[in-house]
Amino acid sequence: MQKRRVGILISGRGSNMQALVTAMRQPGFPAEPVVVLSNRPDAEGLEWARAQGIPAPAIDHKAYANRMAFEARVHQALLDAKVDLICNAGFMRMLTGGFVDRWLNRHLNIHPSLLPAFPGLQTHQRVLDQGALITGCSVHFIRTEMDAGPIVAQTAVPVMPDDTADTLAARVLAAEHKLYPHALHLVASGAVTIAGERVVMTPPIGKVPTLMWPPLA
Ligand code: GRF
């Protein structure tokens with residue numbers, strides 16, 4: 001089977017990008033990383049990608065007159081790399097409808113909450129402020145609304161009584177690094193279709209035990 005060609009968009013650390021690239025390098029993974037793009041030239045993830053031999057240019061959004069001009073450049077870079085699928089991995093720019101429509105259902109994002117709960121920034125602090133006992137992370141197809149779109153996969157992560165935003169973020173991040181490669185594998189292998197703005201899995205998923213937190217004693 002032809003591997004899907006993946007472009008990864010980052011803005012910073014790039015730990016999810018590293019998890020995706022590492023997974024794609026395993027034999028039999030149905031996708032390969034072909035380009036990493038950052039809107040910030042100082043994104044730490046760029047050096048790691050380059051060291052892996054992946055083309056990783058920065059496209060500094062500040063160098064463009066407006067959002068459309070920036071997005072046109074990103075779009076062209078993705079076309080030049082013959083990208084089939086885009087994975088946003090800590091990419092901190094909102095994308096306009098024109099870009100989103102061109103990559104519709106070929107463009108994934110990861111968000112550190114159980115969407116549709118807690119979209120947006122300062123996610124973990126808001127989870128703590130609300131007293132939620134279970135949070136998690138979600139991989140979804142991108143739409144124009146922030147952190148919205150058909151959900152491909154989610155992981156539940158417990159909130160501990162003594163958590164701070166940082167300890168919770170670290171626990172969720174460890175789950176993200178497992179979830180994103182799993183979700184990409186599902187999409188790249190063709191197991192995922194979208195019907196009525198919802199993801200349908202082929203083959204369908206069987207019964208699983210209920211997740212409960214705190215657990216029964
Ligand atoms: C992750 O928590 C991701 O879910 C969020 O931003 C963070 C990026 O971290 N969108 P990294 O750059 O992948 O390390």
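All of these numbers come straight from a predicted model, not from anything done at the bench. Numbering of ligands and ligand atoms starts at 1, following listing order.
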Considering only distance and modelled atom types, tabulate donor-acceptor pairs under 3.5 Å from the side chains of residues 51-62, sequence neighbours left out.
{"from": "Gln52", "atom 1": "OE1", "to": "Arg25", "atom 2": "NH1", "distance (Å)": "3.3"}
{"from": "Asp60", "atom 1": "OD1", "to": "Lys62", "atom 2": "N", "distance (Å)": "2.9"}
{"from": "His61", "atom 1": "ND1", "to": "Asn39", "atom 2": "O", "distance (Å)": "3.4"}
{"from": "His61", "atom 1": "ND1", "to": "Asn39", "atom 2": "ND2", "distance (Å)": "3.0"}
{"from": "His61", "atom 1": "NE2", "to": "Arg93", "atom 2": "NH1", "distance (Å)": "3.4"}

Check: every ligand 1 N/O to protein N/O pair under 3.5 Å:
{"from": "ligand 1", "atom 1": "2 (O)", "to": "Glu176", "atom 2": "OE1", "distance (Å)": "3.2"}
{"from": "ligand 1", "atom 1": "2 (O)", "to": "Glu176", "atom 2": "OE2", "distance (Å)": "2.9"}
{"from": "ligand 1", "atom 1": "4 (O)", "to": "Glu176", "atom 2": "OE1", "distance (Å)": "2.5"}
{"from": "ligand 1", "atom 1": "9 (O)", "to": "Arg13", "atom 2": "NH2", "distance (Å)": "3.0"}
{"from": "ligand 1", "atom 1": "10 (N)", "to": "Ile110", "atom 2": "O", "distance (Å)": "3.4"}
{"from": "ligand 1", "atom 1": "12 (O)", "to": "Gly14", "atom 2": "N", "distance (Å)": "2.8"}
{"from": "ligand 1", "atom 1": "13 (O)", "to": "Ser15", "atom 2": "N", "distance (Å)": "3.4"}
{"from": "ligand 1", "atom 1": "13 (O)", "to": "Asn16", "atom 2": "N", "distance (Å)": "2.9"}
{"from": "ligand 1", "atom 1": "13 (O)", "to": "Asn16", "atom 2": "ND2", "distance (Å)": "3.0"}
{"from": "ligand 1", "atom 1": "14 (O)", "to": "Arg13", "atom 2": "NE", "distance (Å)": "2.5"}
{"from": "ligand 1", "atom 1": "14 (O)", "to": "Arg13", "atom 2": "NH2", "distance (Å)": "3.1"}
{"from": "ligand 1", "atom 1": "14 (O)", "to": "Ser15", "atom 2": "N", "distance (Å)": "2.8"}
{"from": "ligand 1", "atom 1": "14 (O)", "to": "Ser15", "atom 2": "OG", "distance (Å)": "2.5"}

I'd like a table of donor-acceptor pairs (distance under 3.5 Å, sequence neighbours excluded) in which one partner is a side-chain atom from residues 195-217, with atom names and distances.
{"from": "Glu197", "atom 1": "OE1", "to": "Arg143", "atom 2": "NH2", "distance (Å)": "2.9"}
{"from": "Glu197", "atom 1": "OE2", "to": "Arg143", "atom 2": "NE", "distance (Å)": "2.7"}
{"from": "Trp213", "atom 1": "NE1", "to": "Val159", "atom 2": "O", "distance (Å)": "3.4"}

Legend entry - More than 12 heavy atoms from other groups under 6.0 Å of CE on Met94: yes
Inset, instruction - Start with the C-alpha distance between His124 and Thr135, add both sets of side-chain angles, then the distance that settles side-chain hydrogen bond (donor to acceptor under 3.5 Å, both in side chains), and finish with yes or no. - result: CA-CA 8 Å; His124 305 296; Thr135 183; 5.3 Å; no
Legend entry - Which residues share a ring pair (Phe, Tyr, Trp, His ring centres under 6.0 Å) with His107, sequence neighbours left out: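 His107 satisfies ring pair (Phe, Tyr, Trp, His ring centres under 6.0 Å) with Phe99 only.
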Legend entry - Heavy-atom side-chain proximity of Thr96 to Glu71 below 4.5 angstrom: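 SC-SC contact between Thr96 and Glu71 confirmed.
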